[in-house]
Amino acid sequence: MFKSPRKAAGGAFLPEDFVVPTLVAGPDFQIRPITVHDVVKDYGAVIGSLDRLAGRFGPEWGWPDSEFTFEQALIDVAWLQKQGQLRRSFSYVVITPDGERQLGRIHVAPSDKAGADAVVVFWVRADEENSVLEKELETFVRQWVTTAWPFDTVRFPGRE
């Protein structure tokens, strides 16, 4: 199985033949790669959850800044989309089955610590905190990244 979290050339951390998941649908949510077309809903989810996200990620992440602007959101989302295209890291929106509301995000990236292939961070918007949805999403994400992705060991910062 896949052992190296990063390839020396190009920064990719997945085998070249690995097909990255693009859509996963469930009864209560869907996940798909984030794109610039998500910026309006994503910005709303982030702004509505600023205190929760800042408390979760802390100053060492530098995100989100208390003065997070729409322009910064557009830059961030475009950057996340480009990272996925380059196969360096992968960011997904968690949306309602009808696609009308963004519920949160999932990020899959190379681990910066030895002993793990990847790091996975996910969050739900503040009004879904401690909800059944958040618990279902956590169960789903933990299973998904160990069965659909080529990782042996995954870290879940903030949830371990």
Side-chain angles (χ1 to χ4, degrees), residues 1-26 29-47 49-50 52-65 68-95 99 102-125 128 134 137-160:
M1 179 157 284
F2 175 69
K3 295 289 181 193
S4 174
R6 296 181 194 228
K7 292 171 104 180
F13 77 111
L14 295 171
E16 288 183 29
D17 62 347
F18 177 72
V19 178
V20 176
T22 56
L23 175 66
V24 180
F29 58 85
Q30 292 184 6
I31 64 168
R32 61 169 173 69
I34 197 167
T35 73
V36 292
H37 302 287
D38 295 309
V39 71
V40 171
K41 290 176 186 168
D42 187 72
Y43 182 69
V46 171
I47 287 298
S49 306
L50 270 180
R52 180 171 194 244
L53 294 173
R56 176 113 192 238
F57 294 107
E60 66 274 9
W61 287 69
W63 185 88
D65 184 277
F68 193 63
T69 65
F70 185 80
E71 180 180 24
Q72 187 60 52
L74 180 59
I75 293 166
D76 286 357
V77 169
W79 176 254
L80 295 173
Q81 181 179 355
K82 188 63 177 177
Q83 289 293 95
Q85 290 171 346
L86 296 172
R87 295 174 61 94
R88 293 182 182 158
S89 65
F90 302 90
S91 297
Y92 293 83
V93 290
V94 180
I95 55 175
Q102 183 172 325
L103 302 169
R105 272 203 228 152
I106 303 167
H107 302 278
V108 179
S111 178
D112 57 350
K113 294 188 178 180
D117 301 317
V119 59
V120 175
V121 176
F122 61 95
W123 56 269
V124 295
R125 55 189 306 134
E128 294 289 346
E134 184 174 27
L137 182 64
E138 181 164 2
T139 299
F140 167 80
V141 169
R142 287 180 181 277
Q143 181 180 19
W144 180 60
V145 297
T146 57
T147 59
W149 293 78
F151 306 133
D152 288 328
T153 307
V154 179
R155 292 182 43 247
F156 294 91
R159 295 189 182 263
E160 297 175 310

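As the structure is a computational prediction, the values presented were derived from the model and not from experiment. Atoms considered below: every heavy atom in the structure, side chains included; atoms not considered: hydrogens, waters and symmetry mates.
- Rounding to the nearest 0.5 Å gives a distance of 12.0 Å between CD1 of Ile75 and CG of Leu80.
- The pair Asp117-Arg155 does not meet the salt-bridge criterion, since no charged nitrogen lies less than 4.0 angstrom from a carboxylate oxygen.
- Considering all non-hydrogen atoms of both residues, Pro15 and Pro150 come closest at CD-CG, 3.9 Å.
- For Glu128, the side-chain hydrogen bond (donor to acceptor under 3.5 Å, both in side chains) partners two or more places apart in sequence, or in a different chain, are Arg101, Ser131.
- How far NZ of Lys41 is from CZ of Arg125: 11.0 Å, rounded to the nearest 0.5 Å.
- Scored by the side-chain contact (heavy atoms from CB on, under 4.5 Å) test, Thr69 finds Glu71, Gln72 as partners (sequence neighbours excluded).
- Between Phe18 and Phe13, every side-chain heavy-atom pair lies at or beyond the 4.5 Å cut-off.
- With sequence neighbours left out, the side-chain contact (heavy atoms from CB on, under 4.5 Å) criterion links Gln83 to Trp79, Leu86, Arg88, Ser89.
- Residues Glu138 and Glu134 fail the side-chain proximity criterion, which asks for heavy atoms closer than 4.5 Å.
- Taking every heavy atom of both residues into account, Gln102 and Asp38 meet most closely at OE1-O, 4.1 Å.
- Atom CD of Gln85 has more than 12 neighbouring heavy atoms from other residues, nucleotides or ligands inside a 6.0 Å radius.
- Using a 4.5 Å heavy-atom cutoff, the side chains of Ile47 and Leu50 are in contact.
- Annotation: side chain of Val77 is not in contact with side chain of Thr35 (no heavy-atom distance under 4.5 Å).
- Counting heavy atoms from C-beta on, the side chains of Thr22 and Arg32 never come closer than 4.5 Å.
- Taking the six-membered ring for Trp and thresholds of 30 and 60 degrees, Tyr92 and Trp149 have ring planes more than 60 degrees apart, a perpendicular arrangement.
- Nearest heavy atom pair, residue Ala45 against residue Trp123, reads CB-CH2, 4.1 Å.
- Checked against side-chain contact (heavy atoms from CB on, under 4.5 Å), Val120 has the following partners two or more places apart in sequence or in another chain: Ile106, Val108, Phe122, Val141, Val145, Val154, Phe156.
- Here Leu103 contributes atom CG and Gln30 contributes atom CD; the two are 10.5 Å apart, rounded to the nearest 0.5 Å.
- Val94 has its side chain out of reach of Arg105: every pair of non-hydrogen atoms, C-beta onward, lies at least 4.5 Å apart.
- By the ring pair (Phe, Tyr, Trp, His ring centres under 6.0 Å) test, Phe140 pairs with Phe29, Trp144, sequence neighbours left out.
- Scanning for side-chain hydrogen bond (donor to acceptor under 3.5 Å, both in side chains) contacts around Ser91 gives His107, with sequence neighbours left out.
- Interatomic distance, CD1 of Ile34 versus CG of Asp42, reported as 4.0 Å (0.5 Å rounding).
- The backbone N or O of Val46 sits nowhere less than 3.5 Å from a side-chain atom of Ser49 that would complete a donor-acceptor pair.
- Residues Tyr43 and Ala73 approach most closely at CD1-CB, 3.5 Å, considering heavy atoms.
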